[in-house]
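The model shown is predicted, which means the values in this text are computed figures rather than measured ones. Note that these values count all heavy atoms, side chains included, but never hydrogens, waters or copies made by symmetry.
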Amino acid sequence: IPGRKRDFSPLSWSEYFEAMEDVEVENDNAKDISFTVAPISHGPVLLLLHGGGHSALSWAVFTAVIYNRINCRVVAMDLRAHGDTKVKNSDDLSAETMAKDIGKVVEALYGENPPPIMMIGHSMGGAIAVHTAAANHVPSLLGLCVIDVVEGTAMDALNSMQNFLRSRPKTFKSVENAIEWSVKSGQIRNVESARVSMGGQVKKCEEPLNSPGVSKSISDGIIEEEEEEEEEGESNHKRKKEDDQEVRDGMIETLYTWQIDLSKTEKYWEGWFSGLSALFLSCPVPKLLLLAGVDRLDKDLTIGQMQGKFQMQVLPQCGHAVHEDAPEKVADALASFMVRHKFTEFKEGFLW
């Protein structure tokens, strides 16, 4: 419908998850708190690890879908320095430290007898899942699912990563503004998922609006609410008018910025992805690799696939956030993989 406004208002975590817990773990004599959200059910646990800059809420829509397909429990956790996690050393995002975090959270949740766990990770979270599995931090691991991360492609992309991060808006006028940007820029192609997950990617700015370095970047995050049918001239006029009205009646308007400055994590990027393919192939559990589009497999994975060491599925028409863009397709692939390996059963009444 021409001129129809799309709804970019935030959705609450509680529409997708039954419970939200803070899990306290000991870490080098200091207490770290990892934040988890988990619906309660029976069956194996799906332990979900989000990508860089995202949060546990990245998995919200996928959780609702998979929960209706198979018997399972779901635990989506915020990785350190992401989402609502509070840690003493938020600068340490090494693969080794983050992998240890996963093991400690599982232990804190389940003690010495954890249930069977299927670990699923997207992008950075996929790399951390592989490091966690390879170090045997989750002894009850059933299987491993890695979403859209291949060592060769990731290593090639590291050079352009800072340019991508610089190209993003520095600030947003509101969470709705951030949601709208994520959809219109193609970062998240599923509006429902963006509405629940973007709230975990941004936070209120600590600096007031008129601080140096903030006011300059305001217009970066502003996107028109009307659909693209709007006339170009009118659009530009509207944007200027909004900029002029940023400060009204002497009130300082709250801005939102990114929850984590990913550009500062650059020293860890190579450690996340270097040697990842060999590490993935060395994990002794059944493995599933889900890719967006026809991603080039590197040499190790190509040989591994020919030897039948893992199952692979390509999900076309998806962006990098595959599980957000196409939660049903990811849930279908994962459900059939888990049922085939007899990790669980389809829910009664679910028509495959």
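No side-chain heavy atom of Asp298 sits less than 4.5 Å from a side-chain heavy atom of Met155. Looking at heavy atoms from C-beta onward, Met119 lies in side-chain contact with Leu141 at the 4.5 angstrom threshold.
Every residue two or more places apart in sequence or in another chain was checked for a ring pair (Phe, Tyr, Trp, His ring centres under 6.0 Å) with Tyr256, and none qualifies. Every residue meeting the side-chain contact (heavy atoms from CB on, under 4.5 Å) condition with Lys264, not counting sequence neighbours, appears here in chain and number order: Asp261. Residues that satisfy the ring pair (Phe, Tyr, Trp, His ring centres under 6.0 Å) test with His320, not counting sequence neighbours, are His122. Looking at residues two or more places apart in sequence or on another chain, you find a side-chain contact (heavy atoms from CB on, under 4.5 Å) between Ala278 and Asp300. Under the rule for a side-chain contact (heavy atoms from CB on, under 4.5 Å), the partners of Ala64 that lie at least two apart in sequence or sit in another chain are Tyr16. By the side-chain contact (heavy atoms from CB on, under 4.5 Å) test, Ser12 is found to be paired with Ser14, residues two or more places apart in sequence or in another chain being considered. Residues forming a ring pair (Phe, Tyr, Trp, His ring centres under 6.0 Å) with Phe62 (at least two apart in sequence, or on another chain): Trp59.
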Side chains of residues 280-290: which donor-acceptor pairs under 3.5 Å do they make with residues two or more places apart or in other chains?
| from | atom 1 | to | atom 2 | distance (Å) |
| --- | --- | --- | --- | --- |
| Ser282 | OG | Leu279 | O | 2.7 |
| Lys287 | NZ | Cys283 | O | 2.6 |
| Lys287 | NZ | Val285 | O | 3.0 |

For residues 322-329, tabulate all N or O donor-acceptor pairs below 3.5 Å that involve a side-chain atom, not counting sequence neighbours.
| from | atom 1 | to | atom 2 | distance (Å) |
| --- | --- | --- | --- | --- |
| His323 | NE2 | Ser58 | OG | 2.7 |
| Glu324 | OE1 | Ser193 | OG | 2.6 |
| Glu324 | OE1 | Ser197 | OG | 2.9 |
| Glu324 | OE2 | His54 | ND1 | 3.4 |
| Glu324 | OE2 | Ser58 | OG | 2.8 |
| Asp325 | OD1 | Arg189 | N | 2.8 |
| Asp325 | OD2 | Gly319 | N | 2.7 |

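In this structure, a donor-acceptor pair under 3.5 Å is absent between the side chains of Asn71 and Thr344.
Between the side chain of Ser55 and the backbone N or O of Leu57 there is at least one donor-acceptor pair closer than 3.5 Å. Side-chain atoms of Arg73 do not come within 3.5 Å of backbone N or O of Leu47 as any donor-acceptor pair.
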side-chain contact (heavy atoms from CB on, under 4.5 Å) evaluation trace for Thr85 with Leu79: CA-CA 7 Å; Thr85 301; Leu79 299 174; over 6 Å; no
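Salt bridge present: Arg195 and Asp7 bring a charged side-chain N and a carboxylate O closer than 4.0 Å.
Residue pairs meeting the salt bridge (charged side-chain N to carboxylate O under 4.0 Å, His left out) criterion with at least one member in residues 118-134, sequence neighbours excluded, do not occur. Among pairs with a residue in residues 87-116, none fulfils ring pair (Phe, Tyr, Trp, His ring centres under 6.0 Å), at least two apart in sequence or across chains. Among residues at least two apart or in separate chains, salt bridge (charged side-chain N to carboxylate O under 4.0 Å, His left out) pairs with a member in residues 150-164 are Asp156-Arg296.
Crowding of Lys203 atom NZ: a count of heavy atoms from other residues, nucleotides or ligands under 6.0 Å exceeding 12.
Ring geometry for Phe343 against Phe337 counts as perpendicular: the plane angle is over 60°, on a 0 to 90° scale with 30° as the lower cut.
Taken from CE in Met124 to CH2 in Trp269, the straight-line distance is 12.0 Å, to the nearest 0.5 Å.
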